[in-house]
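Have a look at this one before I ask anything.
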Amino acid sequence: MQLSVTTWNINSVRLRIGMVTRFLKDHQPDVLCLQETKTPDEQFPAKAFSEAGYVHQAFIGNKGYNGVAIVSKLPFSEKEAMAMCERNDARHMTVVLDKAAGAAAGIAIHNFYIPAGGDIADPEANPKFAHKLHFLDAVGAWGVARNPAGRPSLLVGDLNIAPYEHDVWSHKQLLDVVSHTPIETTTLEKLRSELGWTDAARTLRPEPEKLYSWWSYRAADWQASNRGRRLDHIWLSDALRPTLRELTFLSEARGWERPSDHVPVTVQLEL
DNA sequence: ATGGTTGAAAGTCAA
């Protein structure tokens, strides 16, 4: 069977619910992982997703900021939201697909929203950057303690780091810009490789091809300047590595009316 | 050197 999973930082799921359900109708991923839903649980648009066929839902939100969700056509039995860094941050959700999901049964999907980290790349001067680094440490500790990559699993989400040279429009100009500083890129790369994950995007589309999933709202013309970064990722555990078939950045979504600054990234697996 | 935009929510803060 085919299994497709999309990750998308939606920057308010309530504001963009029409765009999201249109995406689901047109592209029909089996599972959609969202970040920055910015919505308390009681206001999550559960009905709109159910009506679109995504009746299996796990979400956790804060009022006005953060928040993650997983909505799925395939049933899942387990779900878990970890509170990272001793905060009530709503930056993580895991689900495990159920027996009724056929060949996908038992696959865990880990959805993360890593802190952006503020503007100054110095943990002493900037508590938000310190939080980002602390959060990465917490993900590393989770990986060591729980070995999530030892099972068939995907780690997806807005990791807010563009790890490689061609994951940004200008490597040189972004070396001191939060999201592409050496402390972030080396920490993320160490985390990924030591925990046993494979970067799906770069497996299929190796450097030096430029790959972006995010374009700033602040550009006058995002498409003309094309100053993007690859902040959104899909990682595969070893067991799923041979099943990797396709990975898509839906960059046209950045040109939709009132878009998110991130575009959907979708992986297709052949199980 | 610094600005530029967006969302949530009602002044600013986070991104």
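Order of the sequence lines sets the chain letters (A, B, ...), proteins ahead of strands, with each chain counted from 1.
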query = Angle class for the A:F112/A:F135 ring planes (parallel below 30°, perpendicular above 60°, tilted otherwise)?
reply = perpendicular
ask   = From B:dA15, B:dG7, B:dA9, pick the nucleotide closest to the side chain of A:R16?
value =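 The closest nucleotide is B:dG7.
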request  = Could you measure between the two C1' atoms, the one in B:dA9 and the one in B:dG4, and give it in whole Å?
outcome  = 22 Å
ask   = Is A:R91 touching bases, backbone alone, or none of the nucleic acid, heavy atoms closer than 4.0 Å?
value =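 Sugar-phosphate: the residue A:R91, judged by heavy atoms under 4.0 Å, touches backbone atoms but no base.
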message = Rounded to whole Å, please give me the gap between CZ in A:F129 and P in B:dA14.
response = 17 Å
ask   = If you round to the nearest 0.5 Å, how far is CH2 of A:W214 from CZ of A:R254?
value =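 It is 8.5 Å, given to the nearest 0.5 Å.
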request  = Please check if the distance between the ring centroids of A:Y212 and A:W222 is under 6.0 Å.
outcome  =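 For A:Y212 and A:W222, the ring centres are not under 6.0 Å apart.
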key: Whole-Å gap separating P (B:dG3) and CG (A:D221)   =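 Taking atom P of B:dG3 as the reference, CG of A:D221 is at 22 Å.
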ask   = Which of these nucleotides, B:dA9, B:dG7, B:dA15, is closest to any side-chain atom of A:K38?
value = B:dG7
task = Answer with yes or no whether the side chains of A:H92 and A:H110 bring together a donor and an acceptor at under 3.5 Å.
result =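 The criterion, which ignores hydrogens and geometry beyond distance, is not satisfied for A:H92 and A:H110.
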query = Atom CD of A:Q43 and atom C1' of B:dA9: how far apart are they, to the nearest Å?
reply =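 For the pair A:Q43 CD and B:dA9 C1', the rounded distance is 12 Å.
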ask   = Just how far, in rounded Å, is P of B:dA15 from NE2 of A:H180?
value =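 Taking NE2 of A:H180 and P of B:dA15, I get 21 Å after rounding.
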ask   = Hey, is the side chain of A:R258 poking within less than 4.0 Å of OP1 or OP2 on B:dG7, counting only N and O atoms?
value = yes
Nearest-angstrom distance from the residue atom CG of A:L231 to P of B:dA15 =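 Answer to the nearest Å: 13 Å.
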ask   = What distance separates A:H262 NE2 from A:R229 CZ, expressed to the nearest 0.5 Å?
value = 10.0 Å
query = Closest to the A:R14 side chain: B:dA9, B:dT5, B:dA15?
reply = B:dA9
request  = Select from A:P40 and A:D261 the residue whose nearest nucleotide in DNA chain B is closer to the 5' end of that strand.
outcome  = A:P40
request  = Choose from B:dG7, B:dA14, B:dT5 the nucleotide whose nearest atom is closest to any side-chain atom of A:K128.
outcome  =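 In terms of side-chain proximity for A:K128, the closest of B:dG7, B:dA14, B:dT5 is B:dA14.
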query = What is the distance, rounded to the nearest whole Å, between atom NE2 of A:H262 and atom C1' of B:dA14?
reply =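 Computing the A:H262:NE2 to B:dA14:C1' distance gives 12 Å.
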key: Value in whole Å for how far the C1' atom of B:dA14 lies from NE2 of A:H131   = 13 Å
task = Go through B:dT6, B:dA9, B:dG4 for me and flag the one nearest to the A:R218 side chain.
result = B:dG4
message = Using the P atom as the point on both nucleotides, what is the distance between B:dT6 and B:dT2, in whole Å?
response =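 Rounded to whole Å, the distance is 23 Å.
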query = Could you state the CG-P distance from A:D89 to B:dA14, rounded to the nearest angstrom?
reply =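 That distance rounds to 12 Å.
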ask   = Taking the P atom of each, how far is B:dA15 from B:dA1, in whole Å?
value = 28 Å
